[in-house]
Amino acid sequence: MSHQTVIILDFGGQYNQLIARRVRECGVYCEVKPCTTPLAELRAMDPIGIIFTGGPNSVYLETSPHVDPEIFTWGVPVLGICYGCQLIAHTLGGKVVAAAEDSAREYGKTETYFDTSCKLFKGLPGRGITWMSHGDYMEEVPEGFILTARSEACPNVAIADEARGFYGVQYHPEVNHTEHGTDMIHNFLYEVCGAVGDWSMSGYKETAVRRLREKIGNGKVLLALSGGVDSSVAAALLAEAVGNQLTCVFVDHGLMRLDEGDEVEAAFSQWDIRFVRVNAESLFLEKLSHIAEPEAKRKIIGEEFIRVFEAEAKKIGQVDYLAQGTIYPDVIESGAGDAAVIKSHHNVGGLPACVDFKEIVEPLRLLFKDEVRQLGRELALPEYLVSRQPFPGPGLAVRCMGEITKEKLDTLRLADFIFRDEIAKAALEETMDQYFAVLTNMRSVGVQGDGRTYDYTLALRSVTTTDFMTADWTRIPYEVLDRVSVRIVNQVPHINRIVYDITSKPPATIEWE
């Protein structure tokens with residue numbers, strides 16, 4: 001089954017993946033491509049529309065990323081967002097300049113007025129709040145364009161050449177701060193591009209199963225199984241595609257939560273699937289000894305995972321493919337093309353250069369977390385697996401700051417269990433999407449009994465999110481935090497202070513390392 005496709009051309013903005021998320025929420029398939037992607041490759045995708053993202057640059061600088069004007073001759077509608085809007089204006093003969101401090105430079109929530117006769121704003125209120133983040137200004141718009149939105153500070157918040165299907169907005173419709181932003185994207189897709197809404201998880205499942213069968217043929221597949229949502233869904237998808245050609249290998253690296261290794265083994269023992277558990281705690285802890293830098297930890301763990309899988313593959317005999325539960329946020333945060341590396345994921349940026357497999361298979365690579373959960377339900381996975389909160393592949397290694405020891409891991413394991421236990425007792429699991437404890441490398445003075453202590457500070461982290469690309473910190477009731485704090489300092493050795501992380505993503509990431 002082929003899908004209508006929208007191309008999102010990435011110019012380096014911070015909200016770019018949210019655009020993709022919004023497009024897919026509207027039932028339209030899309031892919032994010034670097035702005036340096038050759039035109040021939042883009043055209044071969046036969047897009048029904050193209051979206052230019054925001055970016056940190058100024059279009060009038062020669063060093064800034066630009067686009068070949070040929071793209072405007074294809075007869076394909078284009079929507080430019082922030083930098084993308086200015087890029088349309090600049091490329092098609094308009095003039096973009098740096099805004100004066102007291103005029104058209106805008107940041108944050110801005111009251112905006114819309115021309116609702118424009119297809120982009122069809123059926124929407126004539127006034128609303130948009131999220132601005134631009135320091136440049138379209139002093140002249142290109143020939144054929146009209147102004148379709150304004151604010152008090154800026155007369156050209158949005159532009160349109162409806163005859164050719166070209167639209168630009170200075171604000172970010174993809175963020176929740178912009179009222180009716182998703183509706184605007186929906187209008188571009190359906191009113192301008194002629195989308196029919198043929199993107200769904202049921203359709204994706206059928207396509208993915210067919211493609212996996214075509215790729216793998218009679219070959220054998222080893223799946224790196226962590227027991228988390230992503231690898232569990234990947235296991236179910238591969239099992240449906242290739243059946244007993246699949247072996248799932250769970251590497252217990254000694255960096256799991258309390259009793260988690262046994263829980264994973266028990267869960268998968270009920271499946272009609274080849275499951276192998278490898279106890280490799282001593283190997284991983286030896287490799288991580290005296291390593292404090294988080295990127296180094298991730299790369300060591302990524303390489304050791306591969307080496308363990310290679311050893312298991314030899315026992316199975318002639319395994320052609322290594323399968324992973326890599327998802328879109330993993331790829332994005334590990335950096336692609338000119339994108340910045342936020343953190344290397346052990347299954348992406350943490351992979352060694354040499355891998356002893358014919359190919360790596362990543363059937364979830366283009367899916368966001370909530371789409372993975374939807375796919376899991378399509379595959380009839382039990383809800384406790386589908387809705388399970390994420391756990392990083394490097395495990396507690398990236399929640400234990402600084403050098404790692406078994407003693408520190410055991411301390412963190414118990415503290416993390418108490419936090420999760422109190423959340424469960426308060427019936428708050430449904431109000432948060434990921435919650436965990438972090439053992440910091442900071443020590444401070446405390447008093448326990450009548451004596452002075454000098455022990456670790458533990459951080460608690462909980463977030464709510466839909467796509468794990470952005471997240472807000474959870475407002476856990478004070479009385480619950482109090483019970484967690486009291487239990488941990490009384491029951492867990494070497495912790496004498498508890499703090500709660502109230503930072504959203506961005507600017508922070510969900511994990512600390």
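When reading the values below, keep in mind they use all heavy atoms of this one structure, side chains included, and skip hydrogens, waters and symmetry mates.
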Subject >> Worked check of salt bridge (Lys or Arg N to Asp or Glu O under 4.0 Å) between Arg21 and Glu371 >> reply: CA-CA 10 Å; Arg21 202 51 217 99; Glu371 292 177 316; 3.8 Å; yes
Subject >> Evaluation steps, side-chain contact (heavy atoms from CB on, under 4.5 Å), between Asn57 and Phe11 >> reply: CA-CA 9 Å; Asn57 300 285; Phe11 290 92; over 6 Å; no
**OP:** Take Trp74 and Leu42, measure what side-chain contact (heavy atoms from CB on, under 4.5 Å) needs, and give me the verdict at the end.
**Re:** CA-CA 11 Å; Trp74 293 354; Leu42 298 178; 4.0 Å; yes
**OP:** Give the intermediate values and the outcome of side-chain contact (heavy atoms from CB on, under 4.5 Å) for residues Glu260 and Arg413.
**Re:** CA-CA 10 Å; Glu260 193 159 31; Arg413 258 188 277 269; over 6 Å; no
Subject >> side-chain contact (heavy atoms from CB on, under 4.5 Å) evaluation trace for Ile8 with Thr53 >> reply: CA-CA 7 Å; Ile8 297 172; Thr53 73; 3.4 Å; yes
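Using a distance-only test at 3.5 Å, with no hydrogens or angles considered, no donor-acceptor pair links the side chain of Arg373 to the main chain of Val229. Arg164 contributes no side-chain N or O that, together with a main-chain N or O of Val78, makes up a donor-acceptor pair within less than 3.5 Å. For Glu31 (side chain) and Thr5 (main-chain N/O), no donor-acceptor pair under 3.5 Å exists by modelled atom type. Panel note: side chain Thr178, backbone His172; a donor-acceptor pair is recorded below 3.5 Å. Without hydrogens or angle criteria, Glu362 side chain to Arg365 main chain gives no donor-acceptor distance under 3.5 Å. Proximity of a side-chain donor or acceptor of Arg127 to a complementary backbone N or O of Glu111 within less than 3.5 Å is not detected. Side-chain atoms of Ser485 never come within 3.5 Å of backbone atoms of Leu481 as a donor-acceptor pair (strictly under, hydrogens ignored). Under the 3.5 Å distance criterion, the side-chain polar atoms of His3 are left unmatched by any main-chain donor or acceptor of Val28. With Lys297 contributing its side chain and Gly402 its backbone, the two residues share a donor-acceptor pair below 3.5 Å. Using a distance-only test at 3.5 Å, with no hydrogens or angles considered, a donor-acceptor pair links the side chain of Thr112 to the main chain of Thr110.
Distance check, rounded to the nearest 0.5 Å: CZ of Phe368 to CD of Glu25 gives 9.5 Å. Note that SG of Cys82 and CG of Asp136 are 9.0 Å apart. Values are rounded to the nearest 0.5 Å. To the nearest 0.5 Å, atom CD1 of residue Ile129 and atom CD of residue Glu179 are 5.5 Å apart. Remark: Phe419 CZ to Leu458 CG distance equals 9.0 Å, nearest 0.5 Å. Summarising the geometry, atom CD belonging to Gln86 is positioned 9.5 Å from atom CG belonging to Asn156; distances are rounded to the nearest 0.5 Å. Here CE of Met201 is found 8.5 Å from CG of Asp370. Values are rounded to the nearest 0.5 Å.
Nearest approach of Leu379 to Leu237, heavy atoms of both residues: CD1-N, 3.8 Å. For Glu513 against Cys400, the heavy-atom pair with the smallest separation is OE1-O, 4.2 Å. Counting all heavy atoms, side chain and backbone alike, Ala160 lies closest to Thr148 at CB-CG2, 3.7 Å.
Residues Ile476 and Ile423 form a side-chain contact, since some pair of their non-hydrogen atoms from C-beta on lies under 4.5 Å apart. Residues Met138 and Ile159 form a side-chain contact, since some pair of their non-hydrogen atoms from C-beta on lies under 4.5 Å apart. Side chains of Ile48 and Tyr29 form no contact here, defined as non-hydrogen atoms less than 4.5 Å apart. Under the 4.5 Å side-chain criterion, counting only non-hydrogen atoms from C-beta, Trp473 is not in contact with Asp501. Between Glu41 and Lys33 the shortest side-chain heavy-atom distance falls below 4.5 Å. In this structure, Val169 and Met184 have side chains that are not in contact, with every pair of non-hydrogen atoms separated by 4.5 Å or more. Side-chain contact between Tyr171 and Ser151 is absent, with no heavy-atom pair separated by less than 4.5 Å. Asn187 has its side chain out of reach of Lys119: every pair of non-hydrogen atoms, C-beta onward, lies at least 4.5 Å apart.
Looking at Thr37, Thr36, Asn16 one by one, the single match for side-chain hydrogen bond (donor to acceptor under 3.5 Å, both in side chains) with Asp10 turns out to be Asn16. For the side chain to side chain contact (heavy atoms under 4.5 Å, CB included) test with Val484, the passing option among Glu479, Glu422, Arg420 is Glu422; the others fail.
Within 6.0 Å of atom CD in Glu383, more than 12 heavy atoms from other residues, nucleotides or ligands are found, so the atom counts as buried in its surroundings. The environment of Tyr384 atom OH is dense: over 12 non-hydrogen atoms of other residues, nucleotides or ligands sit within 6.0 angstrom.
Residues Ser200 and Ser202 have side chains that bring a donor and an acceptor to within less than 3.5 angstrom of each other.
With salt bridges taken as basic N to acidic carboxylate O contacts below 4.0 Å, one links Lys95 and Glu139. Glu191 has a carboxylate O that lies under 4.0 Å from a charged side-chain N of Lys122, or vice versa, which qualifies the two as a salt bridge. A salt bridge does not link Lys369 to Asp433: none of the charged side-chain nitrogens sits closer than 4.0 Å to a carboxylate oxygen.
For Glu62, there are no side-chain contact (heavy atoms from CB on, under 4.5 Å) partners at least two apart in sequence or on another chain.
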Please output the side-chain donor-acceptor pairs of residues 436-446 that fall under 3.5 Å, not counting sequence neighbours, one pair per line with the distance.
unit_1: Thr440; atom_1: OG1; unit_2: Met442; atom_2: N; d: 3.2
unit_1: Thr440; atom_1: OG1; unit_2: Thr457; atom_2: O; d: 2.7
unit_1: Ser444; atom_1: OG; unit_2: Arg497; atom_2: NE; d: 2.8

Show every donor-acceptor pair shorter than 3.5 Å between a side-chain atom in residues 389-398 and any protein atom, with sequence neighbours excluded, or say none if there are none.
unit_1: Gln389; atom_1: OE1; unit_2: Tyr435; atom_2: N; d: 2.8
unit_1: Gln389; atom_1: NE2; unit_2: Tyr435; atom_2: O; d: 3.4

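Ring geometry for Tyr204 versus Trp199: interplanar angle over 60°, hence perpendicular rather than tilted (30 to 60°).
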